[in-house]
2 protein chains.
Amino acid sequence: MTAFRRPEPDEVARVTTTAVELLEVVWGRTSTAPTSASQLRVLHILGHHNGINLRTLTEHLASTPSSTSRLCDRLQAAGFVERVPSPENRREVRLHLSGRGRAFLADLRARRERELQKVLADMPASKRIALLEGLESFCATAATQIHDDAPDSGSRSA
Amino acid sequence: MTAFRRPEPDEVARVTTTAVELLEVVWGRTSTAPTSASQLRVLHILGHHNGINLRTLTEHLASTPSSTSRLCDRLQAAGFVERVPSPENRREVRLHLSGRGRAFLADLRARRERELQKVLADMPASKRIALLEGLESFCATAATQIHDDAPDSGSRSA
DNA sequence: TATTGTTATACTCTATAACTATA
DNA sequence: TATAGTTATAGAGTATAACAATA
């Protein structure tokens, strides 16, 4: 039934863009209080790279050391993040997710997935299979490209 | 080959969440300068609802009249948006996307789709078909739910 | 001297409250 | 009086520049 569909990248790109815009609406109802979008990004990054220094976090954010330092000030005051002086290099600080920060992240992710499930549950099973297959391939491809494009921190121009 | 996959909503939800996080990285390289994320939302909304008043825009943003007014101040100063006094009700202003604003939106969308295509082009055609099918079903389902949940503006509690 | 991080200053974004003008 | 919009004030987020401490 879909043998004659054109799976051209441009058509899939349009549909994907629309899907993400709809998802933003769905997730917009999932409150992230008391953290802002910026603070959330920091928590996400620390969730995957616990103990990195401020410079590395700044690169992940594509931000500046100053902004990142101020963000950490507030996250630390809120009890989500801890600054620990590096034992190896006394210039550096190690940024850690606190237990409270970790719990908050897990809860948010669970709530987002529940919102998503409300939509997915209303889809035909065959479409869910197709979506799963397509997204798994997308994730694998995107992850490869991202990794290849940004090997370490070679481009200082950003 | 996928006959035994579990297309359960929770599994698809996890993969979708991962896909969106990767997409944010891909699109993070698509600069939206000189507009911020907030200004971009306004342009998007005006792109779909040109000529709405400030109150309606505020509801779409789930923001406050004050913040929205300030946002419009800057967008107007930048030449992306125009404020026109309503001929019907002298209390209201009509918000319009300028030609420049419209061109900016079209250009951004094109650049995002190009970034997306870089990933999609590296995927097997069969996976693109699956992704397309799955996303189309997702969009249709999400749009229906969003419309049903928010019929007009019945809930003032938000 | 180069690197890590913070502080000084300024602008955008956001919100609550107070205000003006219209209905 | 209720509604549409703006302005006053304050806090969060961001950036550039200047700074201290360490390597």
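Letters A, B, ... are given to chains in the order of the sequence lines, protein chains preceding strands, and every chain is numbered from 1. Computed from a predicted structure; not experimentally measured.
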Engineer: Nearest whole angstrom, please: distance from the P of C/dT4 to the CD of A/Glu92.
Structural biologist: 6 Å

Engineer: Can you find a donor-acceptor pair, distance only, under 3.5 Å between A/Thr64 side chain and D/dT16 base?
Structural biologist: no

Engineer: A/Leu95 has an atom CG; how far is it from atom C1' of C/dT4, in whole Å?
Structural biologist: 12 Å

Engineer: Check the distance between C/dT6's P and A/Leu57's CG and give it to me in whole angstrom.
Structural biologist: 11 Å

Engineer: Is there a side-chain contact between A/Gln39 and the phosphate of D/dA12, meaning an N or O under 4.0 Å from OP1 or OP2?
Structural biologist: no

Engineer: Can you check the B/Leu40 CG to C/dC13 P distance for me, whole Å?
Structural biologist: 11 Å

Engineer: Output the rounded distance in Å from CG (A/Leu61) to C1' (D/dA15).
Structural biologist: 14 Å

Engineer: With respect to the side chain of B/Arg55, which nucleotide from C/dT3, D/dA4, D/dT6 is positioned closest?
Structural biologist: D/dA4

Engineer: Going by salt bridge (Lys or Arg N to Asp or Glu O under 4.0 Å), name the residues that satisfy it together with B/Arg100, two or more places apart in sequence or in a different chain.
Structural biologist: none

Engineer: When we call it a touch if two heavy atoms are under 4.0 Å apart, what does B/Thr68 touch: a base, just sugar-phosphate, or nothing?
Structural biologist: nothing

Engineer: Can you tell me if A/Thr64 and A/Ser67 form a side-chain donor-acceptor pair at under 3.5 Å?
Structural biologist: yes

Engineer: Decide, yes or no, whether a salt bridge links B/Lys118 with B/Asp122 under the criterion of side-chain N to carboxylate O below 4.0 Å.
Structural biologist: no

Engineer: State whether the distance check finds a donor on one side and an acceptor on the other, under 3.5 Å, for side chain A/Ser36 versus base D/dA12.
Structural biologist: no

Engineer: Ion pair present between B/Arg112 and B/Glu115, side-chain N to carboxylate O less than 4.0 angstrom?
Structural biologist: no

Engineer: From the set C/dC13, D/dT6, D/dA21, return the single nucleotide nearest to any side-chain atom of A/Arg91.
Structural biologist: D/dA21

Engineer: Charged N to carboxylate O under 4.0 angstrom, A/Glu113 versus A/Arg109?
Structural biologist: yes

Engineer: Can we say A/Glu88 and A/Arg94 salt-bridge, meaning some charged N sits less than 4.0 Å from an Asp/Glu carboxylate O?
Structural biologist: yes

Engineer: Which of these nucleotides, C/dT4, C/dT14, C/dT6, is closest to any side-chain atom of B/Ser38?
Structural biologist: C/dT14

Engineer: Among D/dG13, C/dT6, D/dA23, which nucleotide has an atom closest to any side-chain atom of A/Arg90?
Structural biologist: D/dA23

Engineer: Go through C/dT16, D/dA23, D/dT7 for me and flag the one nearest to the B/Ser69 side chain.
Structural biologist: D/dT7

Engineer: In residues 70-84 of chain B, which ones come under 4.0 Å of DNA chain D, going by heavy atoms?
Structural biologist: B/Arg70, B/Arg83

Engineer: Determine: side-chain N/O of B/Ser66 to OP1/OP2 of D/dT7, distance under 4.0 Å, yes or no.
Structural biologist: no

Engineer: Could you pick out which residue, A/Glu88 or A/Ser67, lies toward the 5' side of DNA chain D when each is mapped onto its nearest nucleotide?
Structural biologist: A/Ser67

Engineer: Does a side-chain N-to-carboxylate-O contact under 4.0 Å join B/Arg83 and B/Asp73?
Structural biologist: yes

